[in-house]
Every structure is written in structure tokens, then in C-alpha cells.
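Written below as C-alpha cells is the structure these notes are about.
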2 protein chains.
Amino acid sequence: MDERENYCPVFHRAVELIGRRWNGPIIRALLDGAERFGEIRSRIPGLTDRLLAQRLRELEREGVVQRVTAAAGPVPRYMLTPKGQSLTPVIESIAQWAATWGGLPDPHHMAIRLDSQREN
Amino acid sequence: MDERENYCPVFHRAVELIGRRWNGPIIRALLDGAERFGEIRSRIPGLTDRLLAQRLRELEREGVVQRVTAAAGPVPRYMLTPKGQSLTPVIESIAQWAATWGGLPDPHHMAIRLDSQREN
DNA sequence: AGTCCTTACTTACTCTTTGTAAGTGACTCT
DNA sequence: AGAGTCACTTACAAAGAGTAAGTAAGGACT
């Protein structure tokens, strides 16, 4: 009785890549111009070295991020590939949704908290 | 030296809610018209009862999903709240991205697989 | 030149979240 | 009444994430 009419593994893979813990904020930091390891980390409270290193490697394997070690400066830089940059509309639509529905646990509390948080 | 210029906890929360394991496909199934527990589960290969029940409860707490138990039919139905329905553009932008960059591990293989998968 | 410091990781260990599998109670169908 | 489905729940093992400490490479200071 299996009715997987419109299930899409490609979508599934994408949403779990983007949504995997810390990946959203990491991609966002990169889109916002962060390039160095410590720069990304310092923009994301709670994110540790271990996980950042791991996530960057994964994103690199997925072709979203590129690690660049310039001959001159031995400090590695991270940047988004075209595939990574094309996530802009995704990040923006999430930011938009978050801005609208922000920190509202459930509809009953909507009115109460409408004025608290509000930036993107 | 902490430069959290434009970090946004509301965004962080949103991206981890949407991207949490199984949540993307679950929301998509609901947007596509699935209403019953087993209906959702059968559309998402790999998703088990345990996790679906847990995710639905969480999404309910977040005000994204509403569980409706009609007096007549004791079979519960699930539906998206307005907050949940407004995730449409997010899901669509991810589907769009997935359709374009589908299952491409890295840019080098782009050309090779351009014609394989392609639906949303 | 040597020591001190920062940066970008890695490793070891613990705790939480998932996956797997097997129930359970409510209703339905025959 | 008995068997089957449906919507969960419970128990346990495996995987992932958090915490903390360590390390190699490069620069700055003296």
C-alpha cells in the first residue's frame, strides 16, 4: 500500500544538507563575507572547533564550500562555490520566514510576543 | 575579539527546525496533501513510527502542525497551521536548488551527471 | 634565536539523539 | 469473537554532538 507518489530523494538530501546542525548558520556566515575559520566560528555562538572543522569538510565534499590555501598567506580561507552561492534564495526565504514567525512557540502566544524579536 | 556582527538566533532556530532530520520531507508531505499518520510515513522511505510521532509532536509544539481529532472519526489528522503553510516558499526554494544541483558531489562531476536526475 | 601567543585543527571521552525492533490499546471488518 | 490495521510507545544499541584538552605551524616580541 505504498503511495510514495511524489517523494523526492534529491529534495530530501538537499534539505538535510542545508538543515544539518550548524550548516545553515555556517553558510550564512560565508554568504555574509566570513572567510577564515575563526571568523566563522566567532560569528556563531555555541559552535565549537570540532564541529566547524567537520562541517566544513562535509560541505567541501558536497561541493558547496571550497577551501583555499594561498601560497602567500598560509592561513586557509573558505569560500562558497557557485553551488554554495546559489543557496542565497534558500537562506533568504528562511530568513524571511524567521523574521515573520520568529520566536513564536505556538499560535496562542502570537499576540503576546509580536513585539519582542524582529530582525532577520 | 568577538565579531558577531550579524548573527541571528531567530534564523538559527528556524533553519534547525526546518532542517532537522525528517522535518523537511514531513512538511513537504503535508503541503502535498497528506493528512494521516500512515500516509505521511508511507511517503517518506526510511522514516519510522517512532521518529514520525516525535517530529509531529515537536512541530505541533512549534505551532507549525496542528493535530485534529474529529469527534466522529477517531483517526487523527494532521494539518499545517498558517505558520506551517507559510513555509511553502522555503520548501520551494530548496526544491529548486535541489533540482538544479541535485546529486552532484562536487563541481568536477557536474557535466557527467547533468542529464540524470531532474524532477523537483 | 628562543619563548610566547594565536590559529586551525585533532583526539579522547561523555551525553544526547537516532535507528531498530518489538510491543500496546483502540477501533474495524468478517 | 478473532484477526487485522492504525497510531502510537518502550527498550536497547549505534551514531552524532558537546566538552575539554592537546598539537603542529606560523608570527610577534625581546
Side-chain angles (χ1 to χ4, degrees), chain A residues 1-4 7 9 12-13 15-27 29-30 33-62 64-80, chain B residues 1-4 7 9 12-13 15-27 29-30 33-62 64-80:
Chain A
M1 210 157 255
D2 115 6
E3 38 189 287
R4 57 190 66 176
Y7 169 73
H12 191 164
R13 188 176 154 78
V15 81
E16 295 211 338
L17 171 68
I18 296 159
R20 192 159 189 197
R21 203 153 206 188
W22 304 113
N23 275 0
I26 290 169
I27 291 166
L30 289 164
E35 291 198 321
R36 293 178 45 182
F37 188 93
E39 208 178 341
I40 300 168
R41 188 192 45 207
S42 69
R43 290 198 195 192
I44 307 172
L47 174 60
T48 60
D49 286 10
R50 194 178 84 83
L51 270 285
L52 177 54
Q54 191 177 311
R55 288 292 107 91
L56 284 172
R57 254 181 277 126
E58 290 166 8
L59 290 171
E60 218 185 327
R61 271 211 317 275
E62 295 289 336
V64 169
V65 165
Q66 196 178 354
R67 192 188 127 124
V68 187
T69 318
V75 192
R77 310 256 155 182
Y78 292 93
M79 47 187 297
L80 293 164
Chain B
M1 210 155 256
D2 110 12
E3 38 190 287
R4 57 190 66 173
Y7 169 73
H12 192 165
R13 189 176 153 77
V15 80
E16 294 210 340
L17 171 68
I18 296 158
R20 193 162 187 193
R21 202 154 206 187
W22 303 114
N23 276 0
I26 289 169
I27 292 166
L30 289 164
E35 291 198 321
R36 294 177 45 181
F37 188 94
E39 209 177 340
I40 300 167
R41 189 194 42 207
S42 70
R43 290 198 195 191
I44 306 171
L47 174 59
T48 60
D49 285 10
R50 194 178 84 83
L51 269 287
L52 177 54
Q54 190 177 311
R55 288 293 107 92
L56 284 172
R57 255 182 277 125
E58 291 165 6
L59 289 170
E60 218 186 329
R61 272 210 319 275
E62 296 289 337
V64 169
V65 165
Q66 196 177 356
R67 193 190 127 124
V68 187
T69 317
V75 192
R77 308 257 156 181
Y78 293 92
M79 47 186 298
L80 292 165

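A note on names: the letters A, B, ... follow the listed sequences, proteins ahead of strands, and every chain is numbered from 1. Everything numeric here is computed off the predicted structure, so don't read it as measured data.
Taking the side chain of B:Arg57 as heavy atoms from C-beta on, and the options C:dC9, D:dT9, D:dC8, the nearest nucleotide is D:dT9. For B:Val75, the side-chain atoms get nearest to D:dA7 when compared with the rest of D:dA17, D:dA7, C:dT18. Comparing C:dT20, D:dA17, C:dT10 by their closest approach to the side chain of A:Arg20 singles out D:dA17.
Between the CG atom of A:Asn23 and the C1' atom of D:dG16 there is a distance of 13 Å, rounded to whole Å. Distance B:Phe37 CZ to D:dT5 P: 17 Å, rounded to the nearest Å. As rounded to whole Å, 9 Å separates atom P of D:dA7 from atom CD of B:Glu39. In this structure, A:Leu51 atom CG and C:dT11 atom P are separated by 15 Å, rounded to whole Å. Put simply, CG on B:Asp49 is 14 Å from P on D:dT10, counting in whole angstrom units. What separates CZ of B:Arg21 from P of D:dG16 is a distance of 7 Å, to the nearest Å. Atom CG in A:Leu52 sits roughly 16 Å away from atom C1' in D:dT19 (whole-Å rounding). In this entry the distance linking CD of B:Glu35 with P of D:dA7 reads 12 Å, nearest Å.
Put simply, the side chain of B:Met79 reaches to within 4.5 Å of the side chain of B:Val68, judged on heavy atoms. Residues A:Tyr78 and A:Leu59 have side chains not in contact (no heavy-atom distance under 4.5 Å, counting atoms from C-beta outward).
The side chain of A:Trp22 places no N or O atom within less than 4.0 Å of a non-bridging phosphate oxygen (OP1 or OP2) of D:dA17. Applying the 4.0 Å criterion to OP1 and OP2 of C:dC9, one finds that A:Tyr78 has a side-chain N or O inside that range.
In summary, A:Arg55 and A:Glu58 engage in a salt bridge, as defined by a charged side-chain N under 4.0 Å from a carboxylate O. No salt bridge links B:Glu60 with B:Arg67; every basic N to acidic carboxylate O contact stays at or beyond 4.0 Å.
The residue A:Arg41 sits apart from the nucleic acid: no heavy atom pair falls under 4.0 Å. Note on B:Arg77: nothing from the nucleic acid sits closer than 4.0 angstrom, heavy atoms only.
Positionally, the nearest nucleotide of DNA chain C for A:Ala53 lies more toward the 5' end than for the other of A:Ala53 and B:Gln54.
Side-chain N/O atoms of B:Arg36 and base N/O atoms of D:dA7 include no donor-acceptor pair closer than 3.5 Å. Looking at B:Arg50, its side chain comes within 3.5 Å of the base of C:dT20 through a donor and an acceptor atom.
Closest approach of B:His12 and A:Trp22 over heavy atoms only: CE1-CZ3, 3.2 Å.
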